[in-house]
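Letters A, B, ... are given to chains in the order of the sequence lines, protein chains preceding strands, and every chain is numbered from 1.
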Number of protein chains: 2
Amino acid sequence: MKYKISNNVIRRLPRYIRFLELLEASGAVRVSSKELGELMGLTASQIRQDFNCFGGFGQQGYGYNVQQLSEAMSEIMGISHERKAIVIGAGNLGKALIANFKFKKYGYTLTAAFDVCPELVGKKFSRTPVYHIDKLEEYLMKNKVDVAALTLPGETASGVVTRLINSGVPGIWNFTRLEFPATFGPARVENVHFADSLLVLSYALKEKEKEEGGEA
Amino acid sequence: MKYKISNNVIRRLPRYIRFLELLEASGAVRVSSKELGELMGLTASQIRQDFNCFGGFGQQGYGYNVQQLSEAMSEIMGISHERKAIVIGAGNLGKALIANFKFKKYGYTLTAAFDVCPELVGKKFSRTPVYHIDKLEEYLMKNKVDVAALTLPGETASGVVTRLINSGVPGIWNFTRLEFPATFGPARVENVHFADSLLVLSYALKEKEKEEGGEA
DNA sequence: TAGATTGTTAATCGATTAACAATC
DNA sequence: TAGATTGTTAATCGATTAACAATC
């Protein structure tokens, strides 16, 4: 169970969790790798290989217990670590995270937001207080923070990342147009680039149009 | 130049574009696969292989012209198709897209937003009018739409997708908690799941902690 | 020309799929 | 027990890397 798990596998795990929760919600108690594969568009073989990176969750002749498997996957992703998050930048995207993102569901408590805008500082959104970004170090000194979500303009992001790392924040969830390396000094970074996915969609549309043009 | 390009390559292209634009902005005129590889954390070999899926953009002994290459990549992604987009759901995330996302930069014009909320319907955000979702079919009848961004609650997303597809919208940019297949009937779908990336970050943090624990 | 770097072929590596014995 | 389905090994496939001749 303990060597290096490939990145491909890791990135499939959250997807497994989502589908398993869906199954759970629909009342399914057990699922076979074949059924799950059909649902998710994967081969049964791949699913079994993926799961067996972490040990045997199934039972021959039966399949997998949906709830048990779902919990095991969540556990592997570290959902029970009781982590703390902050949001930096309380613009629309920051507010979207504050108001709608289910931090709790993924093991996080959102403890604060930061912004420069005087109209926002001092307010609360969905019970999350907004502090001035100048108070960042002070806050980090007093409060453990595992992940900072960057929802601020790209121009200012670079400096903020330096400050976060200097204050020992280990996780950066980056929504800005900048990209930081996955391992950035002592920190771990996840970059989310909306534009990338829109471009991939554009490409798919182009391909589709070509196919249709070709057929006609 | 014309067979099937692998998904891995396609998903790397937007990233190439981003780094090339960065280089361009920094005033670089030429770049070698070696330099670009060091910048992006890829091998020079892989970069040359990727580019050569689409034909020879470089020049032996010289490298690649940054601007030319960047434009060629953008072109491959179909950036010049002059596409139209709408946003469905004008909550925080919808507003974030409307206000901050550079649709133009990626070849899109954002033409409308839709919502159910009476406080929003009839208003404009950053020059984008918000219509009632009941008017969706009417709007789609009169206006070509290539991509609909779904920034509404998951509960209502499924029905909206059916309506979009019935009205012939070919592209779905899905930000809800639901997941649709990449090819969903005649439509092409890109799913964006914030939670997936946060979980991957959680996993990375867990690994980091384990390493540090191990060393100590 | 000599040096650099591409485009491209060949080699390697890793990931996915297939197969099947183990076993519930 | 017979049937189903896992866990796991072996085979295949595809993606990445290495190598090098072509050429700017």
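Going from atom CZ of A:Arg30 over to atom C1' of C:dC24 covers 12 Å, rounded to whole Å. B:Ile47 places its CD1 atom 9 Å from the P atom of C:dT6, with the value rounded to the nearest Å. The distance from atom CD of A:Glu35 to atom P of D:dA4 is 13 Å, rounded to the nearest whole Å. A:Lys4 has its NZ atom 16 Å from the C1' atom of C:dC13, to the nearest Å. At whole-Å resolution of the value, CG in A:Leu36 and P in D:dG7 are 13 Å apart. Taking atom CG of A:Leu69 as the reference point, atom P of D:dT5 lies 15 Å away to the nearest angstrom. Going from atom NZ of B:Lys34 over to atom C1' of C:dG3 covers 14 Å, rounded to whole Å. Remark: P of D:dA18 and CG of B:Leu42 are 13 Å apart, rounded to the nearest angstrom.
Side chains of A:Asn8 and A:Ser6: no donor on one and acceptor on the other come within 3.5 Å.
Across all strands shown, the partner of C:dA10 is D:dT17, judged by Watson-Crick or G-U wobble contacts whose two distances both fall under 3.5 Å. With a 3.5 Å ceiling on both atom-pair distances, the Watson-Crick or G-U wobble partner of D:dG3 is C:dC24.
Considering only side-chain N and O atoms, B:Tyr64 lies nowhere under 4.0 angstrom from the phosphate OP1 or OP2 of D:dC24. Distances shown here put every side-chain N or O of B:Arg11 at or beyond 4.0 Å from the OP1 or OP2 atom of D:dA15. In this structure, B:Arg48 does not reach the D:dT16 phosphate: none of its side-chain N or O atoms is under 4.0 Å from OP1 or OP2. OP1 or OP2 of D:dT16 lies within a sub-4.0 Å distance of a side-chain N or O belonging to B:Asn8.
In terms of polar N and O atoms assigned as donor or acceptor, the side chain of A:Gln49 never comes within less than 3.5 Å of the base of D:dT6 in a complementary pairing. For A:Ser45 against C:dA18, a side-chain N or O and a base N or O form a donor-acceptor pair under 3.5 Å. Taking 3.5 Å as the limit, the base of C:dT23 and the side chain of A:Gln60 contain no donor-acceptor pair of atoms between them.
In summary, of the residues considered (B:Phe194, B:Tyr108, B:Tyr106), a ring-ring contact (aromatic ring centres under 6.0 Å, His included) with A:Phe194 occurs for B:Phe194 alone. Partner of B:Asp196 under the salt bridge (charged side-chain N to carboxylate O under 4.0 Å, His left out) criterion, out of A:Arg18, A:Arg11, A:Arg15: A:Arg18 alone. Residue A:Tyr64 forms a ring-ring contact (aromatic ring centres under 6.0 Å, His included) with just one option from A:Phe51, A:Phe19, A:Phe57, and that option is A:Phe51.
Across all strands shown, A:Gln46 has heavy atoms under 4.0 Å from base atoms, whether or not it also approaches the sugar-phosphate. Counting non-hydrogen atoms under 4.0 angstrom, B:Phe51 reaches nothing in the nucleic acid.
Positionally, the nearest nucleotide of DNA chain C for A:Asp50 lies more toward the 5' end than for the other of A:Asp50 and A:Gln59. The 5' end of DNA chain C is approached more closely, in terms of each residue's nearest nucleotide, by A:Ser6 than by the other of A:Ser6 and A:Tyr62. The 5' end of DNA chain D is approached more closely, in terms of each residue's nearest nucleotide, by A:Ala44 than by the other of A:Ala44 and B:Thr43.
Centroid-to-centroid, the aromatic rings of B:Phe101 and B:Trp173 come within less than 6.0 Å.
Here the nucleotide nearest the side chain of B:Asn52, chosen from D:dT16, D:dA15, C:dT8, is C:dT8.
With A:Ser167 contributing its side chain and A:Arg163 its backbone, the two residues share a donor-acceptor pair below 3.5 Å.
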